[in-house]
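Worksheet for the structure shown next.
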2 protein chains.
Amino acid sequence: MRVVIARCAARYTGRLSAHLPLATRAIMVKADGSVLLHSDGGSYKPLNWMSPPCTMREVAPEPEASERGVALVWVVQHQKSDDRLEIDLHEVLSDTEHELGVDPGLVKDGVEAHLQELLAEQVSLLGDGYTLVRREFPTAIGPVDIMAKDANGASVAIEIKRRGEIDGVEQLTRYLELLNRDPLLAPVSGVFAAQEIKPQARVLAEDRGIRCLLLDYEGMRGAEDLSTRLF
Amino acid sequence: MRVVIARCAARYTGRLSAHLPLATRAIMVKADGSVLLHSDGGSYKPLNWMSPPCTMREVAPEPEASERGVALVWVVQHQKSDDRLEIDLHEVLSDTEHELGVDPGLVKDGVEAHLQELLAEQVSLLGDGYTLVRREFPTAIGPVDIMAKDANGASVAIEIKRRGEIDGVEQLTRYLELLNRDPLLAPVSGVFAAQEIKPQARVLAEDRGIRCLLLDYEGMRGAEDLSTRLF
DNA sequence: CTATCGATGTCGTCG
DNA sequence: CGACGACGTCGATAG
């Protein structure tokens with residue numbers, strides 16, 4: 001990612017036409033070529049931007065623009081439409097670049113969080129003698145939803161999804177691979193728990209020795225209500 | 001504006017709960033206190049953020065977090081709600097600050113308004129012998145974008161959208177129903193004009209006897225340029 | 001102030 | 001790939 005602080009002006013043409021008068025702004029150029037022009041306030045929405053896929057090209061300014069103080073022009077062109085963003089750079093105050101790598105992305109804990117909470121309380125749903133170690137068990141590549149021990153005291157890593165698909169199985173597989181390198185924990189077995197498990201995900205999981213567990217959300221909520229009412 | 005490049009993890013609680021696993025990201029702290037967490041790809045939307053008004057507070061990590069490598073925690077709290085963003089900073093790779101000043105903001109050239117203007121000038125695009133009655137023709141439930149007459153002198157109500165979807169057809173239908181109650185105007189036919197018309201909108205419109213007209217914005221702009229250059 | 005609507009909406013899911 | 005609905009929607013405008 002490249003971050004440039006510069007006095008600049010900009011023009012956008014595409015679904016509409018718009019322009020930005022000269023001011024000092026932060027320009028973010030992402031690895032996929034997308035460009036964001038941010039001011040020092042407002043919401044998360046940039047003043048102007050170009051979404052990927054797009055390409056950026058540095059061109060010399062027209063003589064007339066050069067006279068107005070434009071040192072360099074960035075032409076950002078979308079690859080699938082005729083959307084185009086042109087940035088007139090008048091003065092670059094800072095220009096830095098950093099290698100960020102791929103991002104694992106945001107994990108939303110909606111129903112999934114509630115399922116996790118319920119299963120942590122009703123850990124016996126996993127089988128007789130199961131006990132909870134902790135929720136959000138930390139690892140270097142992210143937290144495991146639930147860590148438990150079975151009746152024999154062996155570790156069990158549980159990945160919870162609302163809808164169980166292949167990527168969830170892959171995620172659990174990565175956790176298991178990592179956890180099984182730890183001699184204090186190994187052997188760690190896996191449980192893929194979801195309200196709904198797609199056939200392909202089930203096949204992949206079982207092929208890897210991961211147990212699949214269908215969760216009855218309504219039933220679990222009912223059990224919770226019952227226990228809170230009784231005790 | 002402060003720009004920090006750091007290996008970090010984050011948690012958000014508010015309208016939903018979500019977390020970001022550890023990764024290297026760009027953190028933007030704006031003058032109004034708002035915070036944006038960007039990855040090196042995707043669109044202009046940050047992975048996570050806090051909108052103003054909000055306050056940021058640096059706190060020391062819990063001992064347990066410290067063991068996991070958390071050097072510093074940023075707690076960003078919204079001032080009017082209980083939205084909260086916590087960022088675990090593991091390693092700060094860069095931390096810079098720049099004075100940007102107030103931004104004059106984006107200046108837009110309207111699109112729907114421009115389409116209306118262009119079609120009013122180029123009313124012959126509707127068909128031979130069409131004439132303009134007026135733009136923004138007033139009715140009790142709001143103005144009709146363009147009122148025209150066809151070659152036979154019959155009234156035609158035109159609804160203009162950039163993207164024609166079902167709600168636009170519904171809107172025009174309401175106008176037509178009202179206008180056709182007026183014996184001085186009736187019968188009034190309808191034209192749904194847009195740069196792009198969704199299939200469902202087209203089906204609905206044609207089922208109701210409303211004609212669909214695709215508008216070529218670029219072409220219309222070109223025609224305008226030509227006429228202004230010629231005369 | 002709230003209600004409504006448009007957006008360079010963006011983002012997921014499903015067919 | 002395209003349609004459809006949800007969004008931590010955001011933001012402007014009318015009432």
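Residue numbers start from 1 in every chain, and the chains themselves are labelled A, B, ... in the order their sequence lines are given, proteins ahead of strands. Remember, it's a predicted structure, so these values are computed and weren't measured experimentally.
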Assess whether salt bridge (charged side-chain N to carboxylate O under 4.0 Å, His left out) is satisfied between B:E206 and B:R208, documenting all intermediate values. CA-CA 5 Å; B:E206 290 175 350; B:R208 293 180 177 174; over 6 Å; no
Counting C-beta onward and ignoring hydrogens, is there a side-chain heavy-atom pair between B:I146 and B:I160 closer than 4.5 Å? yes
Contact class for B:L106 vs. all strands (heavy atom < 4.0 Å): base, sugar-phosphate, or nothing? base
Under 3.5 Å side-chain donor-acceptor pair for A:R7 and A:T24: no
So what does B:M50 hit on the nucleic acid, given a heavy-atom distance under 4.0 Å: a base, only sugar-phosphate, or nothing? base
I'd like a table of atom pairs between the protein and nucleotides 10-13 of chain C - only N or O on both sides, under 3.5 Å - with the distance next to each one.
residue, atom, partner, partner atom, Å
C:dT10, O3', B:S43, OG, 2.9
C:dC11, OP1, B:S43, OG, 2.3
C:dC11, OP2, B:S43, OG, 3.1
C:dT13, O3', A:R163, NH1, 3.3

Take atom NZ of B:K80 and atom P of C:dC1, then tell me their distance rounded to the nearest Å. 7 Å
Which nucleotides of DNA chain D pair, in dot-bracket form (Watson-Crick or G-U under 3.5 Å, | meaning another strand): |||||||.|||||||
Can you tell me how far the CG atom of B:L185 sits from the CZ atom of B:F137, to the nearest 0.5 Å? 5.0 Å
Validation: residues 49-60 of chain B side-chain donor-acceptor distances under 3.5 Å, sequence neighbours left out:
residue, atom, partner, partner atom, Å
B:W49, NE1, B:S51, OG, 3.4
B:E58, OE2, B:W74, NE1, 3.1

Would you mind reading off the distance between B:D83 atom CG and D:dC10 atom P, rounded to a whole angstrom? 9 Å
Within this structure, what is the NE2-to-C1' distance between A:H78 and C:dG9, rounded to whole angstrom? 14 Å
To the closest 0.5 Å, what do you measure between CE (B:M1) and CD (B:E97)? 10.0 Å
Considering all heavy atoms of both residues, which atom of A:L118 and which atom of A:M220 are nearest to each other, and what is their separation? CB-CE, 3.7 Å
A:L215 and A:L119, any side-chain heavy atoms less than 4.5 Å apart: yes
